[in-house]
Amino acid sequence: MTRYLSLYWLFLTQRLKVLMEYRANFIIGALSTIALQASSILAIWVVMRQVPDLNGWTYDEILLVYGLITLAKSINHMFADNLWTLGRQYIRSGGFDRFLVRPIDPLFHLLADRFCQDGVGNFLVGVALVVKASVALGIQWTLLKALMLVAAVVSGGGIFIALNLLTCVTSFWIVDSVPVTRLVFDNHLFAQYPLTIYPKAINILLTWIVPYGLASFYPASYLLDRSLGNLAWAAPVAAALLLFLGYRFWQFGLKHYGSTGT
Amino acid sequence: MRALRRDLSIYLSIFGMTPKVFMAYQLWFWIGLVLNTIGMAILVFFWRAVYADTDSVAALSLQQTLTYILLAQIFFPLTDVDLIFDFGFNLREGNIIHFLLRPINFQGMYYVQNLSSLMMRLILQIPIAVVATLLFGLQWPTDPATWGAFAVSALLGFTALFFFHWFLACLTFYTTEVWGLGVLIFGMSLFLSGSLVPLTMMPGWLQTVVLSIPFAQAIAVPVSLLTGITPLIQAPLVWLTQLAWVTGMWLVSALFFRVAVRKVTVQGG
Amino acid sequence: MSVIEVENLTKVFKIPQKDPGLGGAIKGLFAPRFQSKTAVDRINFRLDRGEIVGYIGVNGAGKSTTIKMLTGVLMPTGGSIRVLGRDPHRQRIDNAREIGVVFGQRTQLWWDLALIESLNLIARMYDVPPARYKQMLDEFSQTLDLGSLLKVPVRNMSLGQKMRSELAAALIHEPKVVYLDEPTIGLDLIVKERIRDFIKAECGSKGMTVMLTTHDLGDIEQLCRRVIIIDEGRVIYDGPIETIKKKFGKFREITFETTGLVPSLSLPPGCELLSTGDRKVTLRFDRIQTTASQVASAVMKQIEVRDFSLSEPDLANIVKQIYNGALDNGGVEPEAADARPAP
Ligand SMILES: Nc1ncnc2c1ncn2[C@@H]1O[C@H](COP(=O)(O)OP(=O)(O)OP(=O)(O)O)[C@@H](O)[C@H]1O
Ligand SMILES: [Mg+2]
């Protein structure tokens, strides 16, 4: 474990060196995600100037929801973005073999191979939104609430990573897994807003099937002492379960790769 | 004259190639449909919630707003210009040399290519239009005159945006990673094109800002004409403004390209 | 005990048959149809400690597939492999610690990192003790002339520089077993020579067991005492390179381009005239009786030579001749006879 941590650190510092070499790209990368988020947030701002609330959620409350999902997403974006490229950059080119002749876990190697700087932009946006919302709403922070915040972000990140893992592993069978991953991943966009604005089916989808809601709407409800908030404690369980399934599926895919190659 | 004919025939064959490339991505097509449906669903439910307690926002009814938003989604390909990834890719692979060596106007070639892609993309939006109509109750404008005004405005807006993208793509001569630049521009265009919120809902200063950046020319301006938010009477004025945009952007982009191309260093061996 | 033991090793690829279009893709998802392709077919061999063995065959013969199975990347369809007593696929990570691999066609270095950074990472991955790592770096700076390359990112390297770096990366942890899949592909003669010398010195002195695939018979001649030739996944020869050389390398052709017209030449023994053209003469000589330099100097004494070239025996040709029974009366070593799959 410590060996992997110190290896990760080494990978990370190397990656940062490369990024520093391409400083312009680093800044553009971080800015790009900020711009993407700014577009949506600006739109929310414009609209919420016109109406007092959205299904009982005020502007700042919506920002809290939006900020939480952005933080969870940024965890995935920073540390697991390389999953997206598994098929295109590693399997198709045969570069994946290089992971298999090394004495470390190939999944670890894949994730450590590229820390994604663009995620830093998301992280900053998420932090800014949560802080802004918390101040504006005057949230009374208790130990439990602080714990919930951390749990929501970490397990939210876990949910993102696990769902991406589950879908990216398909690149062991199909040439390009990106469409499949997008199909699941894009559902997180629903969770940028309070789930109460959607019909029941979408609520069920976002809570029980692709549980991005557990990373934003439910913890936000908890922090705001709203109903349904306690469901947020399910997030760590869901994350652990999905990560377990994801890793098993990864191993299954790896076995398949071992028998077919590229 | 013969040279023009030859150029045209080259352009024509470039025009014809794009659909074939698209057809190779069938899976993407279906999944794109689902992704678009998700995107539209979020917008529609969001706006329904906005209008839950009120009949009009900034003088627009729910139906008007939804028509605007859904049409903006359907015509969103108007903002889709591939230049940045294309430039970046060709620069990195060293292919840029081949392009610079070809005996044909580089910008003209790309314009035709992108126009062809646009047609193709718009055709591929038909299923999305169907979903918008059946699932989300999009009401289509029926007046042929507005459609005509829209078509002219859309083409002008797209052209202005093409030149603007050309200008931005020249930045790839200076930065090596293009992905971030592409996402940055996409991110900005999302809001600045006016596809998320009708311009009339924005505070005055924001409208000014949005209208002084070319993205809005391709979505907000033509779609406002189409939905009647901008009265038809004003169409000629709108076109003239857009024409000015096209000219300005063309000059700026051609100039920057000339400067940037001197930077070409061909990577890889 | 042998370092590598391979018994009846077989790999069958199932290649999915795709129908065009989305319908075909969906059908393929639920009721896939496969075509089988036997890339490696019941091969047997053993490699002892310190052996450097050439593994050769024409394109698509199954060399890379074998190497992938030996390294643990691919799982065999049948048969068994033991590398240092382990099953490389089941005990992949343990096995990986002991082996070094170069896939000549692709890099294992980080494209954007300076070579030294890549090597640092790799050394850490293999838990090379820092002191030892430093020693190795110094050694490679000498033997591979890496000194000036350490700070250069791989993307800015020439092919030859890249390959030298690859070798350093594959050997920095002093593996016991080394697999080199086409390590000289695309390199010019001088770089090739240097890489051969390095492999010979480095692997020889440390008693590494090396398996080398290549299309360049020169590599084999210089590095290996033993070759295994495979074709369509089967071993068709396993034995000393000498036999192959004697059988197929006995004669060489040498062509001279001359400045003037070719007079009648007097030739050393073991050498005969094949053809004369306008300012061109082709000779064939027996390498046991004479050498290229003897032939060349004899000719050069008599005429002014503008250029000359020597043609190597070509692998595809050798394979064809083996099939035609070139080795049947005599040449084949007993172990090679064993290696042949039972009918
Ligand atoms: N992943 C795969 N799936 C299906 N068939 C494969 C796969 N990999 C290799 N093959 C087939 O197996 C056969 C042996 O391939 P292999 O790569 O081992 O040849 P090779 O001897 O290394 O050839 P070369 O000299 O060209 O590198 C070939 O016919 C190839 O098409
Ligand atoms: Mg090969």
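Order of the sequence lines fixes the chain letters, A, B, ..., with proteins taken first and strands second; residue numbering starts at 1 for each chain.
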A:R3 (side chain) donor-acceptor with C:M125 (main chain) under 3.5 angstrom: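 Yes, A:R3 side chain to C:M125 backbone: donor-acceptor pair under 3.5 Å.
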Flag, side chain of C:R92 to backbone of A:V101, donor-acceptor distance under 3.5 Å: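 No, the answer is negative, given that no donor and acceptor are paired below the 3.5 Å cut-off.
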Is it true that atom [atom1] of [X] has more than 12 heavy atoms of other residues, nucleotides or ligands lying nearer than 6.0 Å?
X: C:K134; atom1: NZ; answer: no
X: C:E174; atom1: CD; answer: yes
X: A:F123; atom1: CZ; answer: no
X: A:Q251; atom1: CD; answer: yes
X: A:F108; atom1: CZ; answer: yes
X: C:R132; atom1: CZ; answer: yes
X: A:F252; atom1: CZ; answer: no
X: A:K17; atom1: NZ; answer: yes

Student check: side-chain heavy atoms of C:I122 and A:R102 closer than 4.5 Å: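 Result yes, sub-4.5 Å side-chain heavy-atom pair found.
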Sub-4.5 Å side-chain heavy-atom contact between A:D113 and C:W110: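 A side-chain contact under 4.5 Å exists here.
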Can you give me the closest heavy-atom contact between [X] and [Y], atom names plus distance?
X: C:L113; Y: A:Q14; answer: CD2-O, 3.6 Å
X: A:P103; Y: C:A96; answer: N-CB, 3.6 Å
X: A:D97; Y: C:V73; answer: OD1-CG1, 3.3 Å

Contacting region of A:S6 [heavy-atom separation from chain C under 4.5 Å]: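 A:S6 touches chain C through backbone and side-chain heavy atoms alike.
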Contact class of A:F11 relative to chain C, heavy atoms under 4.5 angstrom: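 Both backbone and side chain of A:F11 come within 4.5 Å of chain C.
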Proximity breakdown for C:Y179 and chain A, heavy-atom pairs closer than 4.5 Å: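 It is neither, since no heavy atom gets under 4.5 Å.
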Heavy-atom proximity to chain A below 4.5 Å, by part of C:T107: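 Looking at C:T107, just its backbone touches chain A.
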Ring-face cation of A:R114 near C:W111 (centre distance under 6.0 Å, axis angle within 45°):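 No, a cation-pi geometry is absent between A:R114 and C:W111.
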Nearest 0.5 Å, what's the [atom1]-[atom2] distance between [X] and [Y]?
X: A:R98; Y: C:T71; atom1: CZ; atom2: OG1; value: 14.5 Å
X: A:I104; Y: C:R124; atom1: CD1; atom2: CZ; value: 11.5 Å
X: C:D127; Y: A:L7; atom1: CG; atom2: CG; value: 7.5 Å

Ion pair check, A:R15 and C:D112, cut-off under 4.0 Å: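 A salt bridge is absent here (no side-chain N lies under 4.0 Å from a carboxylate O).
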